[in-house]
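Input: a single structure, listed below in structure tokens.
Just so it is clear, the values below take in all heavy atoms, side chains as well, and ignore hydrogens, waters and symmetry mates.
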Number of protein chains: 2
Amino acid sequence: MYVSLKDVAARSGVSFQTASKVLNGRSGVVSPSTRERILRAAAELGYVPNAMARGLVRQASVTVGVLADDFSDLAVSQFVLAAQRAAASRGHGALISSVHADVDAELAVRKLLEYRVDGILVAAPSLEDDPRLGDALRGPLPVVSINRIHGGGVPTIGSDHAVTGALAAEHLLGLGHRRIGTVTGPRRRQVTQRRMRGFREALRAAGRPLPERRVVEADWTYDGGWAATHQLLDADPTVTAVFVHNDVMAMGALKALHERGLRLPADCSVVGCDDLSFTGYLVPPLTTVRIPFQETGERAATLLLDRIAGQDIPARDLLPVELVVRESTTSPKDGEE
Amino acid sequence: MYVSLKDVAARSGVSFQTASKVLNGRSGVVSPSTRERILRAAAELGYVPNAMARGLVRQASVTVGVLADDFSDLAVSQFVLAAQRAAASRGHGALISSVHADVDAELAVRKLLEYRVDGILVAAPSLEDDPRLGDALRGPLPVVSINRIHGGGVPTIGSDHAVTGALAAEHLLGLGHRRIGTVTGPRRRQVTQRRMRGFREALRAAGRPLPERRVVEADWTYDGGWAATHQLLDADPTVTAVFVHNDVMAMGALKALHERGLRLPADCSVVGCDDLSFTGYLVPPLTTVRIPFQETGERAATLLLDRIAGQDIPARDLLPVELVVRESTTSPKDGEE
DNA sequence: CAGAGTTAGGCGAACGTTCGCTTTCACTGG
DNA sequence: CCAGTGAAAGCGAACGTTCGCCTAACTCTG
């Protein structure tokens with residue numbers, strides 16, 4: 001069905017190895033006239049090189065594997081897209097493999113190994129505590145992850161979560177808020193802990209330590225954010241601002257605050273996290289800490305490819321986050337505690 | 001670096017072909033004892049079959065290519081994810097290739113061909129008019145697309161756009177609206193034309209033909225939807241309901257309506273399209289026509305794999321859409337025209 | 001105990017490349 | 001005139017599999 005080098009060679013009257021030299025190879029010299037002849041034959045026949053055969057002899061598939069847990073998540077899909085593009089721009093294909101309830105991480109990694117990917121990009125935050133994923137990933141193959149990998153040993157790239165928490169806290173403190181609550185991601189997750197650390201420290205440094213009743217854990221979802229916000233305001237109706245650990249939950253928070261009859265942002269300020277594309281269109285437009293998903297994907301892919309090319313890469317790399325101020329935050333009406 | 005069949009064979013004292021039989025093959029009989037021995041050796045050495053070598057001899061990569069234009073779009077990424085999972089559950093890998101400004105469609109298809117994918121799944125609505133994509137795709141390789149392909153000849157699966165438009169119109173008419181406007185996708189796009197046809201016909205059938213001033217074209221984006229909505233209300237401030245061709249633009253529409261001081265849905269009803277995950281959390285929660293992206297991805301992958309397996313598949317397959325009524329639609333305050 | 005049948009495993013070829021080495025041949029300079 | 005040089009092309013082996021066919025040895029059967 002496909003045309004092979006032999007076919008092209010036959011048509012142009014040379015050996016297939018010579019055809020290889022002009023069509024795919026990087027070695028060897030051929031005269032301009034035969035080169036021309038071979039090129040023409042290839043075009044006429046519609047020759048398309050066979051990457052599997054090439055990969056076999058070169059011992060490199062020129063392909064990276066992308067292991068993602070849930071890329072219907074906007075953040076993950078942005079990452080995957082950016083990574084794929086960066087890989088493509090350097091000539092690499094991207095083989096994706098998703099892990100979810102039905103298929104365990106080991107199997108997904110194994111599949112990628114079967115295809116002999118040259119490296120693996122991991123975007124599976126929900127699996128950061130899975131020791132089996134860690135074991136499967138630690139090996140001779142280059143790997144770069146955007147989340148912590150259990151057991152370590154895998155270069156990680158991400159954003160500075162502690163700074164994220166601190167930025168949110170400082171912004172709200174700067175506006176004059178004194179009773180600030182927070183809706184967090186799952187407590188066991190690194191990202192949650194780090195953000196909480198930065199957030200807590202900034203509050204403490206301002207002499208406003210965070211009481212536990214103003215911390216409610218949620219699960220990254222709209223519903224979770226909605227419920228947690230109600231819970232938070234039930235526990236302490238006096239809070240004037242809420243830091244929500246992602247934009248999706250922040251939407252739920254906005255809805256919950258609306259339902260309680262609060263005027264936004266006058267009665268309660270909200271800071272989100274992520275800066276998803278639609279956050280500027282919420283009512284009110286959401287102030288949020290921008291997490292550079294795309295840049296992370298690009299950078300992760302770049303590092304992975306560098307690593308594949310034999311270079312040394314840092315074990316850890318943090319991209320800067322940035323506060324995007326919109327209209328969901330303002331000064332509280334009352335100044336007193 | 002990798003362990004090959006020969007290594008396993010050497011350790012268990014058989015020929016590598018015999019090892020092949022027990023580890024990967026489907027043909028041939030080996031005694032339980034040697035099978036056991038080979039299995040043990042493979043486990044000890046950590047044997048992982050080489051899909052490239054297998055693909056080479058079997059003349060099948062057991063891989064599908066996914067050609068997407070922009071999967072940071074929630075709809076497309078849902079599709080891609082579902083397709084990847086469906087393919088994986090039938091043992092196929094998924095090689096993704098994105099087309100965008102920098103890389104033209106032909107090149108992307110060619111890359112997939114180099115990897116000798118067994119079939120291609122296309123999700124590139126923005127390229128529906130690209131004749132070169134059509135040409136690149138028409139060939140011996142099985143292809144299934146979720147959008148029209150220029151020049152035809154490619155099995156297409158999607159949802160019924162005319163019904164989508166009709167559902168929106170009928171819902172609004174049923175609520176008593178008489179002056180209904182619409183914010184459409186780009187006019188040249190099939191999906192826009194089809195939705196408009198269904199929408200128009202339903203209005204005409206109810207004796208309320210759609211005047212051109214109540215139709216504004218936009219570009220699927222928040223900003224576009226926002227601007228178009230303002231434009232629509234400038235052109236005809238009397239409209240009491242708007243049908244917006246996707247949820248993203250509908251968010252922009254909601255914002256624009258807010259800005260004009262209208263109370264929603266009392267002063268203006270809005271119907272969206274897609275039913276993205278967050279639409280239930282907008283203010284007000286959006287009534288929308290649900291497009292089954294995930295099911296489309298699954299079905300497309302299934303059809304493609306069936307096709308690869310040699311079965312005949314329909315040239316066209318439509319999945320049902322469904323109106324999801326939330327709170328952004330209600331009866332107009334005034335009944336008269 | 002010969003011959004047939006069965007079973008386990010080996011063997012060779014092929015898939016489509018790459019790559020280093022060898023061969024061929026024309027041309028050069030001493 | 002002939003060794004030496006250099007360019008152009010060919011050749012063989014290898015990459016890791018699969019698969020059909022072959023063979024050796026064992027087990028029956030009469």
A:Asn24 side chain reached by A:Tyr47 side chain, heavy atoms, under 4.5 Å: yes
Helical bend (five base pairs per end, nearest 10°) for the helix from C:dC1-D:dG30 to C:dG30-D:dC1: 60°
Any salt bridge (Lys or Arg N to Asp or Glu O under 4.0 Å) pairs touching residues 293-308 of chain B, not counting sequence neighbours? B:Arg90-B:Asp306, B:Arg290-B:Glu295, B:Arg299-B:Asp317
Could I get the full list of salt bridge (charged side-chain N to carboxylate O under 4.0 Å, His left out) partners for B:Arg58, not counting sequence neighbours? none
Going by the rule salt bridge (charged side-chain N to carboxylate O under 4.0 Å, His left out), which residues pair with A:Arg85 if we only count those two or more places apart in sequence or in a different chain? none
Could you work out, with side-chain hydrogen bond (donor to acceptor under 3.5 Å, both in side chains) as the rule, every residue matching B:Ser97, not counting sequence neighbours? none
Check side-chain hydrogen bond (donor to acceptor under 3.5 Å, both in side chains) between B:Asp160 and all other residues, then give those that pass, not counting sequence neighbours. none
What is the distance from CD1 of B:Ile38 to P of C:dA8, rounded to the nearest Å? 13 Å
I need the CD-P distance between B:Gln59 and D:dC19, as an integer number of Å. 12 Å
Are there any protein N/O atoms within less than 3.5 Å of an N/O atom in nucleotides 6-11 of chain D, and if so, which ones and at what distance?
unit_1, atom_1, unit_2, atom_2, d
D:dA9, OP1, A:Ser31, OG, 3.2
D:dA9, OP1, A:Thr34, OG1, 3.3
D:dA9, OP2, A:Ser31, N, 2.8
D:dA9, OP2, A:Ser31, OG, 3.4
D:dA9, OP2, A:Thr34, OG1, 3.0
D:dG10, OP2, A:Ser15, N, 2.8
D:dG10, OP2, A:Ser15, OG, 3.0
D:dG10, OP2, A:Thr18, OG1, 2.8
D:dG10, O6, A:Lys21, NZ, 3.0

Mind checking salt bridge (charged side-chain N to carboxylate O under 4.0 Å, His left out) for A:Arg11 and listing every partner two or more places apart, or none if nothing turns up? A:Glu44
Rounded distance (Å) that lies between atom C1' of D:dA13 and atom NZ of B:Lys6: 11 Å
With respect to the phosphate group of D:dT18, does any side-chain polar atom (N or O) of B:Asn24 fall under 4.0 Å of OP1 or OP2? yes
Interatomic distance where CD belongs to B:Glu36 and P belongs to C:dG9 [whole Å]: 13 Å
Tell me, please, which residues at least two apart from B:Val48 pass side-chain contact (heavy atoms from CB on, under 4.5 Å). A:Leu113, A:Glu114, A:Arg116
Side-chain donor-acceptor distances from residues 117-125 of chain A under 3.5 Å, at least two apart:
unit_1, atom_1, unit_2, atom_2, d
A:Asp118, OD1, A:Ser61, N, 3.0
A:Asp118, OD1, A:Ser61, OG, 3.4
A:Asp118, OD2, A:Val62, N, 2.6
A:Asp118, OD2, A:Thr63, N, 3.3

Of all of residues 45-56 of chain A, which get a heavy atom below 4.0 angstrom from DNA chain D, listed by number? A:Leu56
Applying salt bridge (charged side-chain N to carboxylate O under 4.0 Å, His left out), can you list everything that pairs with B:Arg316, at least two apart in sequence or on another chain? none
State whether A:Asp129 and A:Arg148 are salt-bridged, where the test is any N-O pair (Lys NZ or Arg NE/NH1/NH2 against Asp/Glu carboxylate O) under 4.0 Å. yes
Write down the distance between CG (B:Leu113) and P (C:dG16), rounded to a whole number of angstrom. 15 Å
Nearest-Å distance for atom pair CG/P, residues B:Leu23 and D:dG16: 15 Å
